[in-house]
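Because only heavy atoms are used, hydrogens play no part in the values below, and waters and symmetry mates are left out as well, while side chains stay in. Just so it is clear, the structure is predicted and the values come from calculations on it, not from any experiment.
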Amino acid sequence: MKSKHNVLIFIPSLIGVSVLLGWVLDIEILKRPRISMVAMNPMSALSFILLGFAFYLNLNQPDSKTSRNIIRSIALFVISLGLSRLYSVLSGFDLGMDEILFPDKISAVVVNGFPNRMAPNTAFDFAVLGSAVFLSSFRKEVLSSISNYLCILVLLIGLFSVIGYVYQVQEFYGILSFIPMAIHTAISFILCSFSLLLINGHSGFMKVFTSKSSGGILARLLIPFLIIIPVIFGYIRIYLNKLNPVSLELGVGFLMTGIILTFFILVWFVASQLEKSDTARTEAERKLSELNHELEQLVNSKTMDLFKSENRFRTIIEQFPYPVLTYNPEGVCTGTNFAWEEMWNTRRDVLVDYNILKDPQIKEAGFLPFVEKAFGGEPAISEPFSYDPKLIGSSGRNRWLQMVLYPVKNTAGNILEVIVVHQDITASKEAENEIRLLNNELEERVKVRTEQLVLANKELESFSYSISHDLRAPIRGISGFTQILMEDYGVNFDDEGKRIIGKIIENAKQMGQLVDDLLEFSRLGRTELGEKEISMKELAMTVYKELINLESGREIHFEIQDIPNVRADQPAVRQLWVNLISNAIKYTKKIGSPTIQIGSMESQEGTVFYIKDNGAGFNMQYYHKLFGVFQRLHSNSDFEGTGVGLAIVKRIVSRHGGNVWAESKEGEGATFYFTLPGQDPKLK
């Protein structure tokens with residue numbers, strides 16, 4: 001609607017702009033429609049431009065203080081212009097306000113013996129129209145009503161001037177011998193007053209014309225005909241009289257007959273439209289009555305459904321095994337169920353004035369934010385907290401509760417109520433406390449047992465070291481003296497004696513090796529492990545070459561992959577490879593084509609290293625003895641050994657945080673696997 005008004009209010013401004021261009025460029029067609037007509041005064045043109053801008057601000061920015069000040073300034077300028085010209089006409093003292101623009105050109109244009117000055121009726125219209133604009137800027141009902149009446153006065157003067165030009169009656173658009181109002185000035189006044197009436201459509205008599213009711217529609221329909229029809233028929237009467245003069249009575253008769261006939265047709269048209277409107281309204285009322293009846297039945301049906309749903313909901317809550325409470329949006333309890341009464345051993349009447357938002361226990365426990373969250377429209381679950389029932393008038397014991405809060409909203413998103421479910425977790429909380437006490441007690445026991453075990457291990461390692469160290473000297477003595485006995489007195493012994501002495505030397509040597517292994521095993525438990533990058537392939541290859549050099553005349557097919565490097569204790573890892581590779585060499589000595597393979601593979605635990613041989617293998621039935629100290633799965637006559645080597649391997653791997661295991665089948669070889677968590681797959 002505003003876009004249509006904007007087009008209307010700028011038409012007078014466009015007329016004013018074209019007139020000013022005509023004065024600037026001396027284009028007569030822009031200053032006046034015809035050479036014989038009066039030109040619009042330049043100050044009148046400027047006033048219409050300013051009024052168009054004022055109407056635009058009044059329509060589009062009515063609440064802006066700056067806009068209102070601009071509108072009032074323009075209105076005061078227009079009022080001053082009109083009053084100054086009227087004063088000049090009445091007093092004879094010329095203020096010259098209408099000659100500010102192009103005074104020389106105005107003096108050169110003479111109409112009725114006067115220069116092209118502003119007409120008195122034009123000045124009067126500007127004074128009245130400026131006053132109307134000024135009053136309208138206050139946006140008050142009373143002042144806007146007065147503004148509308150002033151606009152009607154301007155509209156009538158402009159309309160009289162246009163009719164005067166149509167009927168060639170100079171008294172309608174001119175006063176005495178003064179220069180008359182220009183026709184485009186009169187049209188601009190009509191458009192300006194009509195624009196301001198539309199802007200003030202909410203005030204005074206204009207409410208009827210701008211309303212959407214039938215009266216407003218009829219008023220907007222009839223007003224143009226009331227103005228245009230008499231004017232048209234009057235012009236026709238004058239025009240026909242010029243063509244064929246007739247008596248005044250006959251002309252007036254024809255004029256009245258035409259007007260009456262036209263208004264009869266207009267009344268018939270309006271009546272027919274009203275008849276259609278009444279018929280449509282009656283039909284609409286009938287349909288509305290039917291719809292109301294259907295709606296009433298629907299409402300009754302929905303009310304019954306709602307009643308059933310409410311009863312169903314309340315029944316479910318009443319039979320729910322957990323305590324359930326309902327609260328209104330202000331936090332006041334509106335009901336609870338039988339489970340709540342059973343839990344607290346009291347009646348629900350005690351909750352009449354209970355407000356969960358003001359519960360001091362909930363505030364002290366720090367759980368009010370959960371409650372406020374639910375009453376703010378979001379579901380919430382509180383942490384467990386201990387609740388004393390004395391606040392609600394119960395003599396029961398404290399219970400551990402956990403609240404589940406859920407807001408119930410309508411379609412508009414407003415909270416209707418909040419449902420709170422209490423979960424009694426007292427039993428689980430007490431069980432949790434008991435478990436915590438038992439765990440604390442168990443941790444204390446484990447701590448004591450660990451200290452005892454650490455002490456026992458230290459004592460065992462010390463004992464093992466002492467025994468092994470003290471055994472070295474007697475074993476060396478036995479071996480040495482037996483060797484001397486054999487060398488110095490061997491000729492005195494027979495073959496059996498020499499065999500027995502040989503056995504003594506052999507057993508002493510084995511005992512020495514066993515003591516050395518025990519010392520090594522004991523040292524691994526006491527030595528601090530270092531950490532450095534180790535090339536596993538290079539280390540394993542070096543160990544193999546050293547060990548195979550001790551096996552004179554043996555040929556073994558040895559394969560090693562590009563196994564990754566690790567970060568670990570180098571002496572310990574070297575000992576690991578020595579024990580594993582020496583075992584593989586030892587247990588393949590009875591095989592015709594011995595093969596030893598070293599490689600790695602990826603698993604969930606990381607990189608797994610392995611060493612595989614096709615030697616004697618072992619029976620997996622005795623796997624549990626494999627990594628124990630002094631545990632052997634073969635006789636000493638078949639394969640010599642002390643039974644400590646694999647125990648040392650296990651201790652090295654364990655101290656690095658890894659695992660070691662083996663797979664074998666008797667007579668088909670064995671594969672030993674181990675992991676070292678310090679390995680770095682990127683180091684190849």
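- Counting only distance, with no hydrogens or angles, the side chain of Thr185 and the backbone of Met181 share no donor-acceptor pair below 3.5 Å.
- Ion pairing between a basic and an acidic side chain is recognised when a charged N comes within 4.0 Å of a carboxylate O; Lys31 and Glu28 show such pairing.
- Here the CG-CG distance, from Leu46 to Leu81, works out to 8.5 Å after rounding to the nearest 0.5 Å.
- Atom CD of residue Glu285 and atom CG of residue Leu291 lie 13.0 Å apart, to the nearest 0.5 angstrom.
- Evaluation of the salt bridge (charged side-chain N to carboxylate O under 4.0 Å, His left out) test over residues 11-27, restricted to residues two or more places apart or in two chains, returns Asp26-Lys105.
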CA sep, side-chain torsions, deciding dist, call: Val404, Ile419, side chain to side chain contact (heavy atoms under 4.5 Å, CB included): CA-CA 8 Å; Val404 179; Ile419 299 175; over 6 Å; no
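- Minimum heavy-atom separation, Pro407 to Ala374: CB-O, 3.4 Å.
- Side chain of Asn292 to backbone of Leu288: a donor-acceptor contact under 3.5 angstrom is found.
- Looking at Ser88, its side chain does come within 3.5 Å of a backbone N or O of Leu95 through a donor-acceptor pair.
- The closest side-chain donor-acceptor pair between Asn328 and Thr334, if any, does not fall under 3.5 angstrom.
- Under a 3.5 Å cut-off, the side chain of Thr122 and the backbone N or O of Met118 do not form any donor-acceptor pair.
- Cation-pi geometry between Arg72 and Phe77 is not satisfied (NZ or CZ under 6.0 Å from the ring centre, within 45° of the ring normal).
- Aromatic ring centroids of Phe10 and Phe55 lie 6.0 Å or more apart.
- You'll find the side chain of Ile183 reaches within 4.5 Å of the side chain of Pro33, heavy atoms only.
- Between Met40 and Ile15, some side-chain heavy-atom pair lies under the 4.5 Å cut-off.
- Here the closest heavy-atom approach between residue Leu86 and residue Pro120 is recorded as CD2-O, 3.5 Å.
- At distances below 3.5 Å, not a single donor-acceptor pair connects side-chain atoms of Ser147 with backbone N or O atoms of Leu143.
- Under the 3.5 Å distance criterion, the side-chain polar atoms of Ser137 are matched with a main-chain donor or acceptor of Phe134.
- Summarising the geometry, atom OG belonging to Ser188 is positioned 10.0 Å from atom CG belonging to Leu14; distances are rounded to the nearest 0.5 Å.
- Taking a 6.0 Å sphere around OH of Tyr406, one finds it holds 12 or fewer heavy atoms contributed by other residues, nucleotides or ligands.
- Annotation: side chain of Leu101 is in contact with side chain of Leu20 (closest heavy-atom distance under 4.5 Å).
- Checking side-chain atoms of Ser80 against main-chain N and O of Leu76 turns up a donor-acceptor pair under 3.5 Å.
- Leu135 is listed as a side-chain neighbour of Leu150, based on a closest heavy-atom distance under 4.5 Å.
- Shortest non-hydrogen contact noted between Pro180 and Val38 is CG-CG2, 3.4 Å.
- Here the straight-line distance linking atom CG of Asn200 with atom OG of Ser145 works out to 8.5 Å at 0.5 Å rounding.
- For the residue pair Tyr354/Asp359, the side-chain donor-acceptor check at 3.5 Å is satisfied.
- Between the side chains of Arg68 and Asn58, no donor-acceptor pair of N or O atoms lies under 3.5 Å.
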Audit row: Val418, Val408, side chain to side chain contact (heavy atoms under 4.5 Å, CB included) steps and yes/no: CA-CA 6 Å; Val418 175; Val408 179; over 6 Å; no
Leu129 and Val78: CA distance, side-chain angles, deciding distance, side chain to side chain contact (heavy atoms under 4.5 Å, CB included) verdict: CA-CA 8 Å; Leu129 184 59; Val78 174; 5.6 Å; no
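- Within 6.0 Å of the CZ atom in Phe194, the count of heavy atoms belonging to other residues, nucleotides or ligands does not exceed 12.
- Distance alone, capped at 3.5 Å, is enough to place a donor-acceptor pair between the Thr336 side chain and the Val324 backbone.
- The OG atom of Ser18 lies 10.5 Å from the CD1 atom of Ile29; values are rounded to the nearest 0.5 Å.
- Side-chain atoms of Ser193 come within 3.5 Å of backbone atoms of Ile190 as a donor-acceptor pair (strictly under, hydrogens ignored).
- For Phe48 and Phe126, the ring centers are positioned less than 6.0 Å apart.
- Other residues, nucleotides and ligands contribute only 12 or fewer heavy atoms inside 6.0 Å of the OH atom of Tyr87.
- Heavy atoms only, all atoms of each residue included: Ala39 and Trp23 are closest at CB-CZ2, 4.1 Å.
- Judged by distance alone, the side chain of Ser47 and the main-chain N or O of Met43 form a donor-acceptor pair under 3.5 Å.
- What you find for Ile49 and Gly16 is that their closest heavy atoms are CD1-C, 3.8 Å.
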Full working for side chain to side chain contact (heavy atoms under 4.5 Å, CB included) between Leu159 and Phe189: CA-CA 9 Å; Leu159 189 60; Phe189 276 127; over 6 Å; no
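- Under the 4.5 Å side-chain criterion, counting only non-hydrogen atoms from C-beta, Glu99 is in contact with Asp94.
- Separation of atoms CG (Leu196) and CG (Leu155) is listed at 11.5 Å; rounding is to 0.5 Å.
- Summarising the geometry of Lys373 relative to Pro379, their closest heavy-atom pair is CE-O, 3.5 Å, with the distance given to 0.1 Å.
- Contact check for Phe102 versus Val24: side-chain heavy atoms found under the 4.5 Å cut-off.
- Annotation: side chain of Ser144 is not in contact with side chain of Arg139 (no heavy-atom distance under 4.5 Å).
- Taking the side chain as every heavy atom from C-beta outward, Phe53 and Ile70 approach each other to under 4.5 Å.
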